[in-house]
Amino acid sequence: MSCFSVRLFASYRDLVGKSTVLMEMPEGSSVSDLIIKLSGRYPLLTSAPGKLVIAVNYEYVDHTYCLTEGDEVALIPPVSGGSK
Amino acid sequence: MSCFSVRLFASYRDLVGKSTVLMEMPEGSSVSDLIIKLSGRYPLLTSAPGKLVIAVNYEYVDHTYCLTEGDEVALIPPVSGGSK
Amino acid sequence: MIEITPDKIDHDRVISCVRRDSNGAVAVFLGTTRNVTEGRKVLHLEYEAYRPMADNKLSEVVLEIRQRWSVENIAIVHRIGKLEIGEASLIVAVSTPHRKDAFLACQYAVDRIKETVPIWKKEYFEDGEVWVGSEFSSTHS
Amino acid sequence: MIEITPDKIDHDRVISCVRRDSNGAVAVFLGTTRNVTEGRKVLHLEYEAYRPMADNKLSEVVLEIRQRWSVENIAIVHRIGKLEIGEASLIVAVSTPHRKDAFLACQYAVDRIKETVPIWKKEYFEDGEVWVGSEFSSTHS
């Protein structure tokens, strides 16, 4: 098993009530596997799990991305920095 | 005959050496007529008389515009107020 | 110049930073906080950034602008933390020899920042607060 | 706010003049004097306006912008007289609720000003001076 810290920001952090959650996943797990496990634990967070935007080590990745122990995973809420 | 003051700016004023010239024209003269008379007196100014831009009473007019005594006529050099 | 800062944005400083005697045009965008959202009165706002990812993404936007328009002089400052109504949350300034490039590059930079940079905005209302872009909202009980 | 003035342009004042708490976007264009034209070093510049025609034409640009984009808040200041290199000769600032309109209106205003407003620029070089846009130039003997 590998250990990942998953960072939560803005609306996601408020929903879960903390800014980091630790997740244990089997070696070779993908981002998709992680999301499935997260949605089990925090159903509110992953009401639309297919659409979750994920960053690993400060870069956007797609859901097939294969995680490595020590990766910093972040769930990125919809970005909306100002007026349209 | 009617009397018109013709204002000159920027490059045109520098070429003619004064900022206003007075022109006497028959009643009912057009801008085109005025330009023909001006080109006789100041050949340098009207090296491209067909392209001269004219304003009458602070509005752009075309060369068929019919002049009325007291009109303020201005020759408008190419406008270029800054970077492209 | 790329900054993410809790300090008030000083647009004079940002414009001076990009202006060059060889450039004739400066295009500037200021994003300011609005007092009304969908008919609800906003009291104040809060911006939160995921750093250093947000810094990295801003650098990528600058790099992209430089490559697409050969623009050397671009500055971006994004404010975070608590903002009052009417304060600037974002400034983008671009200076170029000719104005068309300045406008294009500035507009493109703003669009990319809003798409890619992980910075979020929370609006505080009299009866609750909302993270903008989120389908969730919380209401004071 | 429409001004043709020999005074230095204060962009803070112009931006403050258009900004509104109900608007989220301010697009600003600054035209500044360049130190080189076609490889020749420019020492300083002079701008001349045909007033009141220039004032009228600026008002028409503002009116056109208001009609096309329902933009209320637009300011234009054009400087005249002698300018040093790097100084702003023109500022256009537009504030709107959303940024797309601000950029479009600002760019359109600048284009129209350069096409229609009777203001001319003379560049002074070490060995002469030229009215920009004119085919004539004079050279110091």
- [ ] Give a yes or no on whether the backbone of D/Asn23 and the side-chain of C/Thr32 come within a donor-acceptor separation of less than 3.5 Å.
- [x] yes

TODO: Pick one of side chain, backbone, both or neither for C/Val92, based on which atoms fall under 4.5 Å of a heavy atom in chain D.
DONE: neither

Open item on the list: Return the CG to CD distance between D/Leu104 and C/Gln107, rounded to the nearest 0.5 Å.
Closed with: 6.0 Å

Task: C/Asp111 and D/Arg99, any side-chain heavy atoms less than 4.5 Å apart - done: yes

TODO: Below 4.5 Å from any heavy atom of chain D, which atoms of C/Ile91 appear? Answer side chain, backbone, both or neither.
DONE: neither

TODO: Rounded to the nearest 0.5 Å, what's the gap from CG on D/Asp21 to CG on C/Asn35? Could you check?
DONE: 5.0 Å

Open item on the list: I need the residue from D/Thr33, D/Leu30, D/Val36 with the largest number of non-hydrogen atom pairs under 4.5 Å to chain C.
Closed with: D/Leu30

- [ ] Side chain from CB out, backbone as N, CA, C, O: work out which of these in D/Asp12 comes under 4.5 Å of a heavy atom of chain C, or both, or neither.
- [x] both

